[in-house]
Amino acid sequence: PALGRGGLEALQHTVGSVLSSYGWYILLAAVAVYVLVQKVSRSLAARPSGRSGAAEAAEEPDVVVRRQEALAAARLRMQEELNAQAERYKEKQRQLEEEKRRQKIAMWESMQEGKSYKGNLKLSQQEVESGASASAVPKSKPNKKPLRGGGYNPLSGEGGGTCSWRPGRRGPSA
């Protein structure tokens with residue numbers, strides 16, 4: 001009523017022309033504003049719960065300190081165990097090196113005396129093995145017989161016993 005009939009038509013005409021020119025832009029801007037408002041509301045809703053967790057951690061620093069001390073003690077214990085294992089390994093390696101050095105010296109001395117160093121080496125290895133397996137019971141080997149007689153030759157076919165197969169003759173008459 002304040003606007004006349006002509007004023008109302010003019011207003012409709014201007015609104016219609018603005019919507020027809022910029023309608024899609026206005027619609028996309030409205031959707032973007034809606035999505036932005038939703039994200040901001042979610043982040044604001046998530047913030048107070050994060051603050052309460054931080055407040056709980058700040059309220060109990062003694063729990064954090066105790067946990068860190070326990071972790072440090074466990075690391076120290078593991079490091080000491082690792083160091084002890086390394087020392088045992090080094091000692092074992094030293095003993096092996098010393099044993100090898102003794103064997104080399106014994107081999108050199110036997111060579112200087114003119115003896116066979118291989119036999120001496122075998123004897124020293126047997127001593128090491130017998131020292132390592134002192135708890136094991138040595139097994140006695142029974143007297144061995146050869147499986148075949150001394151005259152057996154599989155290539156010539158002699159001395160093989162009853163089995164004597166020979167290939168047939170070549171040719172069509174076979």
Side-chain angles (χ1 to χ4, degrees), residues 1-108 117-118 121-139 141 147 154-155 165 167-168 170-172 174:
L3 288 176
R5 186 171 177 105
L8 189 60
E9 285 179 12
L11 183 64
Q12 286 177 348
H13 179 30
T14 57
V15 169
S17 67
V18 167
L19 282 179
S20 66
S21 298
Y22 302 108
W24 288 110
Y25 298 112
I26 293 171
L27 181 65
L28 288 175
V31 169
V33 167
Y34 176 74
V35 169
L36 188 64
V37 167
Q38 290 294 323
K39 288 195 175 212
V40 168
S41 67
R42 285 183 193 152
S43 67
L44 288 177
R47 252 186 187 191
S49 66
R51 285 184 182 168
S52 68
E56 289 175 9
E59 288 174 7
E60 300 182 26
D62 56 339
V63 173
V64 174
V65 169
R66 260 189 270 131
R67 188 178 306 143
Q68 288 177 349
E69 287 175 352
L71 189 63
R75 285 181 181 157
L76 184 65
R77 208 169 35 246
M78 288 170 53
Q79 186 64 42
E80 288 174 354
E81 186 175 318
L82 185 65
N83 290 343
Q85 286 178 354
E87 282 298 318
R88 287 193 298 263
Y89 179 76
K90 284 180 184 177
E91 185 62 32
K92 185 184 262 187
Q93 290 299 322
R94 266 190 238 117
Q95 288 176 354
L96 287 174
E97 295 269 330
E98 182 67 23
E99 185 61 34
K100 285 182 183 179
R101 190 180 66 82
R102 286 182 192 150
Q103 285 181 359
K104 286 183 178 180
I105 291 172
M107 184 176 70
W108 177 255
Y117 70 93
K118 288 183 181 179
L121 183 63
K122 287 179 185 177
L123 288 175
S124 64
Q125 284 178 353
Q126 287 176 356
E127 289 172 2
V128 170
E129 290 174 2
S130 66
S133 62
S135 62
V137 178
K139 297 178 181 177
K141 295 183 180 179
L147 294 175
L155 298 177
W165 176 83
R170 287 184 160 186

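These figures come from a predicted structure and were not determined experimentally.
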Indicate every side-chain donor-acceptor pair of residues 10-26 with a distance under 3.5 Å to a residue at least two apart or in another chain.
| unit_1 | atom_1 | unit_2 | atom_2 | d |
| --- | --- | --- | --- | --- |
| Thr14 | OG1 | Ala10 | O | 3.3 |
| Thr14 | OG1 | Leu11 | O | 2.8 |
| Ser17 | OG | His13 | O | 3.3 |
| Ser17 | OG | Thr14 | O | 2.8 |
| Ser20 | OG | Gly16 | O | 3.2 |
| Ser20 | OG | Ser17 | O | 2.9 |
| Ser21 | OG | Ser17 | O | 2.9 |

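- For Gln38, the side-chain contact (heavy atoms from CB on, under 4.5 Å) partners are Tyr34, Ser41, not counting sequence neighbours.
- With sequence neighbours left out, the side-chain hydrogen bond (donor to acceptor under 3.5 Å, both in side chains) criterion links Glu81 to no other residue.
- In this model, no donor atom of one side chain and acceptor atom of the other lie less than 3.5 Å apart for Asn83 and Glu87.
- With sequence neighbours excluded, the residues that form a side-chain hydrogen bond (donor to acceptor under 3.5 Å, both in side chains) with Glu91 are Arg94.
- Heavy-atom neighbours of Glu97 CD from other residues, nucleotides or ligands within 6.0 Å: at or below the threshold of 12.
- For the side-chain hydrogen bond (donor to acceptor under 3.5 Å, both in side chains) test, residues two or more places apart in sequence or in another chain that qualify with Arg101 are Glu98.
- Annotation: side-chain hydrogen bond (donor to acceptor under 3.5 Å, both in side chains) contacts of Arg75 (sequence neighbours excluded): none.
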